Amino acid sequence: MKKRPAAFFCALALLLALVLPALGVNDLPTVYLLATNDKFCDLPGGALPTVSNGVVYVPYSVFDKNATGVDLGVYYGIGLGQSRGTSITLYSRSGGMLIFEISMGTCRDGKDTAMPFRAITINAVPYVPAAAVCSFFGLQYSFLPTNNRGTLIRISSADATMTDSQFLSTGAQAMTTRYNNVLKNMNLPVPTASATPAPATSSTPGGAKSDVRVYLAVDASHADESLLSLFPEGVHILFLFSPDSLISQSGLIRKAVAAGHSVGLTVSGDHSEALGQLDEANRLLSHIARIRTRLVYAPAELRETLSADGWLCWQPNVNESASYAILSLVDQARSDVRVQLPESLSTIGRVLPQLREEGYDLRTPIETDL
């Protein structure tokens, strides 16, 4: 084998000297730290939150008050599931329950209803989806990235006394210490003290929640006019009506239009029947509220032909009945989300304030934007 000249190794050493220092803070992996209420969590084995497929997971032991020193009002049990594998049960005093069959990749609530999320295992430790579990049990979930202290996952109950910004401010040094220790354990460089932390903002793992546009609709064919009172000022949605409900719902239609909401139609039957329903419905709408609409919510088999006829088909990609399921799916989104809200006033009353508080871009579903 030929010996390489000394000049080669000198060049290689120079190249490494130039490249390695360039690996700074921005090249470090994201470190997720954990807090419950007003306290940082140091879980057994140094277990930390993690992200899988864009979903934040936390160790199940975050609900062990003996491990965290904080009682969130949610507790856990471990046993054998249906597949004889590990089963994690989370439950609260109010009676809510989630049963995670880890080996089967399923989750069911206390009424044996399948949930749209699952648990995972990392180094033999079960992890549960943070946002989904918090939403189910009525806890506050916060995703708080910083510039040089990692990203804090904070789970809060009504017992928390500090806001997220207050907690980040008062706990800055404790968070920095934990973050640096994690980097040291990974044999990675620690950021210098001169780095200036950026203000923390709530966002999803893939970007700011304000970048996610959320469109909302509800079938109001049988709704009471009190439905309108659930929508905060500036939040407008798509009210859908079946053609045969228009006359009885004329008062609600007029008030919805006056409040700035959009109006659309629901249809069924074959293509010709649907067209007949839509034409008659627009004739009625022109008398009821002096409007016409091209927005329609139709079965999948009608969408292509109706679109070819010039109708704009509302196609939700979130269509769940439970508030925690809706919020969990929206939390996982990275782009436009179209939510078909259930007719339950209580569910709508829980979903809307949460979406607004978390800073999503709530858009009005209008013909020019869908």
Side-chain angles (χ1 to χ4, degrees), residues 55 73-74 90-99 107-117 128-142 155-158 204 209 212-242 245 249 252-253 255-256 259-264 266 297 314-333 336-365:
V55 178
V74 178
L90 300 180
Y91 57 93
S92 66
R93 295 191 186 99
S94 63
M97 180 182 293
L98 290 175
I99 304 170
C107 177
R108 308 187 78 82
D109 66 7
K111 298 180 180 178
D112 204 35
T113 302
M115 300 288 101
F117 43 81
V128 297
V133 169
C134 288
S135 181
F136 182 89
F137 289 107
L139 299 171
Q140 175 66 41
Y141 164 78
S142 301
I155 298 175
S156 309
S157 68
T204 61
K209 289 184 177 180
V212 179
R213 293 179 293 187
V214 179
Y215 300 86
L216 305 166
V218 65
D219 189 335
S221 299
H222 306 289
D224 186 85
E225 291 186 13
S226 60
L227 173 64
L228 286 168
S229 65
L230 298 178
F231 299 95
E233 183 178 354
V235 176
H236 303 106
I237 75 164
L238 172 62
F239 279 73
L240 295 165
F241 298 92
S242 61
S245 72
Q249 293 289 61
L252 176 57
I253 293 170
K255 290 182 179 179
H261 298 286
S262 298
V263 170
T266 64
Y297 186 26
W314 165 256
Q315 299 184 51
N317 48 24
V318 174
N319 194 350
E320 299 288 340
S321 59
S323 59
Y324 55 84
I326 295 170
L327 293 170
S328 175
L329 291 172
V330 173
D331 184 70
Q332 298 174 37
D336 292 4
V337 189
R338 294 176 173 81
V339 181
Q340 183 69 23
L341 293 168
E343 298 176 35
S344 166
L345 297 183
S346 60
T347 299
I348 296 174
R350 286 192 294 269
V351 169
L352 287 178
Q354 187 72 19
L355 292 177
R356 197 180 195 195
E357 181 180 340
E358 293 187 4
Y360 288 102
D361 183 7
L362 301 181
R363 295 290 190 94
T364 307

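Basis for what follows: all heavy atoms, side chains included, without hydrogens, waters or symmetry-related copies. Quick caveat: nothing in here was measured; it's all calculated off a predicted structure.
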From Leu345 CG over to Ser229 OG, what is the distance, rounded to the nearest 0.5 angstrom? 7.5 Å
To the nearest 0.5 Å, what is the distance between CG on Leu98 and CZ on Phe117? 5.0 Å
Thr347 side chain reached by Leu341 side chain, heavy atoms, under 4.5 Å: no
Sequence-distant partners of Ser346, side chain to side chain donor-acceptor pair (under 3.5 Å), two or more places apart: Ser344
Spacing of CD belonging to Gln340 relative to CD1 belonging to Ile326, to within rounding of 0.5 Å: 9.5 Å
Do you know which two heavy atoms are closest between Gln140 and Glu357, and how far apart they sit? OE1-OE2, 3.9 Å
Before giving the answer on side chain to side chain contact (heavy atoms under 4.5 Å, CB included), spell out for Leu216 and Leu355 the whole-Å C-alpha distance, their side-chain angles and the decisive distance to 0.1 Å. CA-CA 11 Å; Leu216 305 166; Leu355 292 177; 4.1 Å; yes
Between Leu240 and Ala217 the two heavy atoms that sit nearest each other are CD1-CB, 4.2 Å
Evaluate the criterion side chain to side chain contact (heavy atoms under 4.5 Å, CB included) for residue pair Leu230 and Leu227; output intermediate values, then yes/no. CA-CA 6 Å; Leu230 298 178; Leu227 173 64; 4.1 Å; yes
Return the minimal non-hydrogen interatomic distance between Val339 and Trp314, and the atom names on each side. O-CZ2, 3.5 Å
Give, for atom OH of Tyr91 and atom CD1 of Ile99, the distance between the pair rounded to the nearest 0.5 Å. 12.0 Å
Quick one: ring-ring contact (aromatic ring centres under 6.0 Å, His included) partners of Phe136, sequence neighbours excluded? Tyr324
Side chain to side chain contact (heavy atoms under 4.5 Å, CB included) assessment of Gln249 paired with Phe239: CA-CA 11 Å; Gln249 293 289 61; Phe239 279 73; over 6 Å; no
Taking atom CG of Asp336 and atom CG of Asn317, what is their separation to the nearest 0.5 Å? 8.5 Å
Minimum heavy-atom distance Ser262-Pro365, with the two atoms named: OG-O, 2.6 Å
So, taking the atom named CG in Leu252 and the one named OG in Ser221, what distance separates them when rounded to the nearest 0.5 Å? 10.0 Å
Before giving the answer on side chain to side chain contact (heavy atoms under 4.5 Å, CB included), spell out for Leu238 and Tyr215 the whole-Å C-alpha distance, their side-chain angles and the decisive distance to 0.1 Å. CA-CA 8 Å; Leu238 172 62; Tyr215 300 86; over 6 Å; no
Testing the basics here: between Phe137 and Leu90, what is the closest heavy-atom pair and its distance to 0.1 Å? CZ-O, 3.5 Å
Under the side chain to side chain donor-acceptor pair (under 3.5 Å) test, which residues partner Glu343, sequence neighbours left out? none
Looking only at heavy atoms, the pair that brings Val55 and Pro129 closest together is CG1-CB, 4.1 Å
Positive for side-chain contact (heavy atoms from CB on, under 4.5 Å) with Cys134, one of Leu327, Leu139, Val74, Asp331: Leu139
Between the side chains of Ser245 and Ser242, does any donor sit under 3.5 Å from an acceptor? yes
Is there a donor-acceptor pair under 3.5 Å between the side chain of His261 and the backbone N or O of Ile237? yes
